[in-house]
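Notes for the one structure printed next.
Any value given below was found using the heavy atoms of this structure, including those in side chains, with hydrogens, waters and symmetry copies removed. What you see is a predicted model, and the numbers here were worked out from it, not measured in a lab.
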Amino acid sequence: MSASEEDARRLAEVSRLFLEFAPKFPDAPEITAEALLRDFSARDGAYARGSKPVVVVDVRTDAETRVSVIRGAMTKRAFEERLDAGDFAAHAVVAYCTIGYRSAQYVEKLRKDRNVDAYNLRGSVLAWTHAGGELETPEEKRATTRVHVFGKDWDLAPSAFDAVYFQAPALSYVAGLVPDALKPWRWFKK
């Protein structure tokens, strides 16, 4: 299989997985990676949704965001500190995670509890990489091809990217204590 065929297979799997759980979040409107990327390009380095500025929020864990973030994104913690200060009252919010599950939960919470104009990035960071979006290191703001994914089964970024995921024995131990029915990665088995 050629690299382009493999990348097409990976993107199809991202779409399949996203569509599998998206109905669980009816109150989390979506934006595609292509639309967000187009909006970013049109605003000279700033995201926008129509005439409204957009803040992109990474809801993944600190360990995940240390690997890379979408260019210009901020962490959930940094966003919430500034949201509480009223910095984003006139902004739309686009949240993302690995594939869109955690960010859909967050979008629903922002919309319901905080009345924020929030959207889930459909397919999240994996779809972003397939759309040609750039990733950067959060500290140095340097371009990178490293992307943290949920695990080996989630290595679905284009072949030009280097997947990073947790392999810690402690995580495996803790996962062993959780009943299979409660493991989110089990919800998306083929």
Side-chain angles (χ1 to χ4, degrees), residues 6-25 28-37 40 47 54-80 93-110 118-138 143-168 170-172 174-175 178 180 182-190:
E6 175 61 14
D7 288 349
R9 184 200 65 78
R10 290 177 181 197
L11 179 57
E13 184 65 1
V14 168
S15 296
R16 185 190 72 73
L17 290 169
F18 181 84
L19 290 173
E20 204 170 285
F21 67 75
K24 294 180 181 192
F25 304 103
E30 303 161 8
I31 183 172
T32 66
E34 292 80 8
L36 185 59
L37 189 57
F40 181 81
Y47 297 98
V54 170
V55 59
V56 178
V57 179
D58 190 323
V59 303
R60 298 175 302 159
T61 66
D62 289 343
E64 291 171 285
T65 61
R66 277 193 290 275
V67 174
S68 65
V69 297
I70 288 176
R71 186 171 95 181
M74 60 190 327
T75 65
K76 179 179 164 185
R77 180 181 308 135
F79 167 72
E80 288 180 351
V93 173
V94 174
Y96 74 94
C97 57
T98 301
I99 198 158
Y101 192 95
R102 292 174 286 174
S103 52
Q105 290 175 314
Y106 188 63
V107 165
E108 282 192 338
K109 183 179 177 187
L110 283 176
Y119 302 85
N120 187 23
L121 183 57
R122 181 185 182 102
S124 281
V125 75
L126 291 172
W128 179 258
T129 59
H130 281 281
E134 294 181 17
L135 300 178
E136 66 184 12
T137 57
T144 184
T145 58
R146 296 183 66 207
V147 59
H148 192 286
V149 298
F150 198 70
K152 185 176 181 181
D153 291 342
W154 298 84
D155 184 0
L156 299 172
S159 53
F161 283 81
D162 299 313
V164 176
Y165 48 88
F166 298 125
Q167 297 179 352
L171 185 61
S172 298
V174 172
V178 178
D180 280 350
L182 299 178
K183 294 177 180 174
W185 55 91
R186 299 272 192 234
W187 301 339
F188 308 111
K189 284 295 179 188
K190 298 172 188 154

**Request:** Any chance you could lay out the salt bridge (Lys or Arg N to Asp or Glu O under 4.0 Å) test for Arg122 and Glu34, step after step, and finish with the verdict?
**Result:** CA-CA 10 Å; Arg122 181 185 182 102; Glu34 292 80 8; over 6 Å; no

**Item:** Verdict with reasoning, Val57 to Val94, per side-chain contact (heavy atoms from CB on, under 4.5 Å)
**Value:** CA-CA 6 Å; Val57 179; Val94 174; over 6 Å; no

**Asked** Stepwise, does the side-chain contact (heavy atoms from CB on, under 4.5 Å) test hold for Val125 with Val69?
**Response** CA-CA 8 Å; Val125 75; Val69 297; over 6 Å; no

**Request:** Could you walk me through whether Arg16 and Glu20 pass salt bridge (Lys or Arg N to Asp or Glu O under 4.0 Å), step by step?
**Result:** CA-CA 6 Å; Arg16 185 190 72 73; Glu20 204 170 285; 2.7 Å; yes

**Phe18/Tyr101 under ring-ring contact (aromatic ring centres under 6.0 Å, His included): CA gap, chis, key distance, verdict** = CA-CA 8 Å; Phe18 181 84; Tyr101 192 95; 9.8 Å; no

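Closest of all the heavy-atom pairs between Ser68 and Pro138 is CA-CD, 4.2 Å. When all heavy atoms are compared, the tightest approach of Pro23 to Leu19 is CD-O, 3.3 Å. Across all non-hydrogen atoms, the minimal contact from His148 to Arg60 is O-NH1, 3.4 Å. Minimum heavy-atom separation, Val59 to Cys97: CG2-CB, 3.8 Å.
Taken to the nearest 0.5 Å, the OG1 atom of Thr32 stands 13.0 Å off from the OH atom of Tyr119. In this structure, OG1 on Thr144 lies 8.5 Å from CZ on Phe161, to the nearest 0.5 angstrom. Atom NZ of residue Lys76 and atom CG of residue Leu110 lie 8.5 Å apart, to the nearest 0.5 angstrom. Atom OG1 of Thr129 is separated from atom CG of Leu135 by 7.0 Å, given to the nearest 0.5 angstrom. Considering CG of Leu126 and CD1 of Ile99, their distance stands at 5.5 Å, rounded to 0.5 Å. Rounding to the nearest 0.5 Å places NZ of Lys24 at 9.5 Å from CD of Gln105.
Asp7 places a side-chain N or O within donor-acceptor distance of the main-chain N or O of Ser159, the cut-off being under 3.5 Å. Checking side-chain atoms of Ser124 against main-chain N and O of Tyr96 turns up no donor-acceptor pair under 3.5 Å. Not one N or O on the side chain of Glu80 forms a donor-acceptor pair closer than 3.5 Å with the backbone of Arg77. At distances below 3.5 Å, not a single donor-acceptor pair connects side-chain atoms of Trp128 with backbone N or O atoms of Ile70. Of the possible polar contacts, none joining the Asp58 side chain to the Ala73 backbone as a donor-acceptor pair under 3.5 Å is found. When atom types are taken as modelled, the side chain of His130 and the backbone of Gly123 share no donor-acceptor pair closer than 3.5 angstrom. A donor-acceptor distance shorter than 3.5 angstrom exists from the side chain of Arg10 to the backbone of Ala157, with no hydrogens or angles considered.
Put simply, the side chain of Val107 reaches to within 4.5 Å of the side chain of Pro29, judged on heavy atoms. You'll find the side chain of Phe79 reaches within 4.5 Å of the side chain of Val55, heavy atoms only. Side-chain contact between Arg146 and Thr137 is absent, with no heavy-atom pair separated by less than 4.5 Å.
With respect to Leu156, the side-chain contact (heavy atoms from CB on, under 4.5 Å) criterion is satisfied by exactly one of Val147, Val149, Thr98, Val14: Val14.
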